[in-house]
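Structure first, commentary second.
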Amino acid sequence: MGATTTGTDLHAGKLRALRALIASHKRWDLFFASVGVLALMFGILAFVALFFDMAVDGVPRITPDFFASFPSRRAENAGILSAWVGSTLVMLVTALAAVPLGVGAGVYLEEYAPRNWMTDVIEINVTNLAGVPSIVYGLLALGLFVYQFGLGQSILTAGLTLALLILPVVIVATREAIRAIPVAIREGAYALGASKWQTTHDHIIPYSMAGILTGVIIGLARAIGETAPIITIGALTFIAFLPPPPVQATAPFVNFEWLTSPFTVMPIQMFNWTSRPEEAFQANAAAAGLVLVVMTLVMNALAIYIRYRLRRNIKW
Amino acid sequence: MATVDLPRPAAMAIADPDRLKHKFSRNIKERIIEMILFLAALVSVATTLGIVFILFYESLAFFRHVPLVDFFTDTMWTPLFSEPRYGIAPLLMGTLVTSAVALCVAIPVGTVIAIYLSEFAPFSVREAAKPFLELLGGVPTIVYGYFALVFVTPLLQKVFPGLPGFNMLSAGLVMGVMIIPYISSVAEDAMRAVPMSLREGSYAMGATRFQTATRVVTPAAISGIAAAYILGISRAVGETMIVAVAAGMQPNFTINPAEPASTITAYIVQVALGDLPHGSVGYQSIFAAGLMLFLLTLVFNILGHWMRRKYREAY
Amino acid sequence: MSAVLKTALPVRESPAPESLALKAEAKGLDFYYGAFKALKNLHMPVYEKKVTALIGPSGCGKSTFLRSFNRMHDLYPGNRYQGEIRMYPDNVNILAPDVDPIEVRMRISMVFQKPNPFPKTIYENVAYGMRVRNINRKSTVDEKVEKALREAALWMEVKDRLHDLAFNLSGGQQQRLCIARALATDPEMLLFDEPTSALDPIATASIEELVDELRQRVTILIVTHNMQQAARISDYTAYMYLGEIIEFGETDQIFIKPRNKQTEDYITGRFG
């Protein structure tokens, strides 16, 4: 501060000190912002490394034959035919079980559930189920579905297990979508004499469809990559045949034998190849991993896109 | 509102049997539908009951062969030897070490990302980063496992030449990357729930962004941030495929992350891959291990959700 | 209407008595929320160690104007200032892009509509401004905290529980705590944004008393929706409507014989 003691000089000196202080504080702002960007970059970099590492090893293996061949003892002949067919069929069962159950439960909790202890139990339960490790669902399926209910190590068992696993995701998504609908819509329907179910069926469910769809897709994307519960139920890892087709040319045209068929799925096939020491099988694992990642990415991206569109289009 | 019977003026209360019948069937239908929806909601409760039942049922059979004291005090887990020993400690230790390594990555990086996105990032960066983090969290864990084994371990071996091909360090690091999105999204939610008025109060005192973020927003959101960490721990403890693929499946009572080891989850996978007959002690052992895992994650989940609720109540 | 307003802008004409020093002055201030022009060509002096009140119906821009004084609008994207707010004695335009909003906020403190204590102890709330300025010596902080709490008429009530959480205080106490927080760093000017609107009448009276005492040592600019409050505590009053200052003058003059018909209608309750 200046030697002079006039008020203005004193003031100017104070201001200079203040500015120096602020400048030093702002360096921290800059520093942290850089650290933040670096942390984000770390995430991005890890993902890019993962993707390219697999692409470099796997892309040469991705040929039409790879999709049309069964697994084989010879790495160069092996393919993912039984795996992707298995994954598709398991996902079919999962979706057919999880969507009605999850949406039904979500609708019940939002629209019907009375405020009582039972509802509290259900709500706490859903929250906690979401945090149960997936391998525990595998144990549930092994003990209950496979042995107690005698469903065997089948597509049905796997599909139901994964359905239970993603149930919390579907329920939460349904509830959030329903909660976003303003009360005025319900009152409008009731005012016209609609019953509770008519209101729910004609208004609540259609209007929350996009949000529910987002949740279902995210849930299925998670289910399709799940390995641990499927391994736990003892699914074979070497399957050189396809399940019987669900549709046939002769009456009764549909066939449910596929439900009880042994199977393999994409992540199991990848795990199987990953545990082989030979280099050539590692390339197969990379290729299978690449297909799997692209599948889950596409599903997740689709869900994010639907949600984004939803936010833009609907303004209650 | 069809179920509400309003008193009507006498002149209007014409007994119309058709209309009454219609209303009756409508009520029945409404009740049936409500019942169906209720049952759908009950499936989730049944799932929990099923999990608890099967874990306890098989574990009880297991503990008839293996005394609880041995289970908790023995430091060897060798169920496949001719003289099997069933001490959970090595598996627990493997779970602990891999989780600790993972959290050493995920907590700092996840927290920094959360603070950055909530307090620093411009709108456009936030809008782009959040879906990306979601995608990162959506990658199947088997793919992360492959990445740990085939990419990260060889990389680490260049830095630490003696590192074995299977090790907890590599599995833990990759698991950390996997958990980053969980921690950052829950923590960011908590910080964004801090009311703007607190931020304004801080800025009005001449605070910088960094000061506001560290001295006001973070303390105000602390219970939510703690919830994020706890839910992250629960994820790490329950993660299976990364450790099964990259950490080796040898039970190993050590705290050295550079060694191979098995975890509770990896052990279950290992047994499931083999051919243990249904009803054998080995078969039952995976349920006992699963029960440990279930109880462990349950504690973290309840704690995490309780803390999360606390910040929701606060604002 | 604009013709009426132009003649009704007495700012330049109202002669400042010799003894009065200018602390700040708005000169042709415009403000935009995105494309919406919220403040239109405002001119207004703020005299040192006086209380200036901003009144007007809700949505008239009085809070927007107040928040321009410590650049709170810089926190949100899409906001834009035009024109000047000059601050004295250094005669700097605090809205200039090269002036750091943080520097402005360190010189001009603010008390908000709803009490917003931090989730910290009473002591740490008051000490926050010093922490932000890297003043950490315990004796200094202790002394300033006590002084600020005394000035905010809160010391007697909290001196035995300085390390309790601030949330445990009553609404009126919380607001006085926020005033103490703002005072602790010796600001050159204090902004109040409807400080009593969330408080009961007794708490309101104590805040008003406090403002009355504070005018001895600090320049105060206060937004209020309560005209009696403006009449009771302010030396100068500006009546705003639709983003413009309709009339500015000594409070007595504004309330006893307003020059503008619109002001009169508002003050007498015929409008607003």
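Side chains included, hydrogens not; waters and symmetry mates left out as well; all remaining heavy atoms used.
- Both the backbone and the side chain of B/I51 come within contact range of chain A, each with at least one heavy atom under 4.5 Å from a heavy atom of that chain.
- Side-chain contact between A/T161 and A/L140 is absent, with no heavy-atom pair separated by less than 4.5 Å.
- The contact between B/L37 and chain A is made by backbone and side chain atoms together, counting heavy-atom distances below 4.5 Å.
- Residue A/F31: no heavy atom, backbone or side chain, is found under 4.5 Å from chain B.
- Contact of B/L55 with chain A is made through the side chain alone, with heavy-atom distances under 4.5 Å.
- The contact between A/L144 and chain B is made by backbone and side chain atoms together, counting heavy-atom distances below 4.5 Å.
- For B/I180, the part lying under 4.5 angstrom from a heavy atom of chain A is the side chain only.
- In this structure, the portion of B/S234 lying under 4.5 Å from any heavy atom of chain A is its side chain and not its backbone.
- Contacts of B/F151 with chain A are made by both backbone and side-chain atoms, with heavy-atom separations under 4.5 Å.
- Every pair passing side-chain hydrogen bond (donor to acceptor under 3.5 Å, both in side chains) that includes a residue from residues 39-55 of chain B is listed here, sequence neighbours excluded: A/N125-B/S44, A/N125-B/T48.
- If you measure heavy-atom distances from B/Y57 to chain A, the contacts under 4.5 Å come from the side chain alone.
- Heavy-atom distances place the side chain of B/V177, and not its backbone, under 4.5 Å from chain A.
- For a residue to count as touching a neighbouring chain, one of its non-hydrogen atoms must lie under 4.5 Å from one of that chain's; by this rule B/E34 touches chain A with backbone and side chain alike.
- Note on ring orientation: taking the six-membered ring where Trp is involved, the planes of A/W28 and B/F210 are parallel (angle under 30°, cut-offs 30° and 60°).
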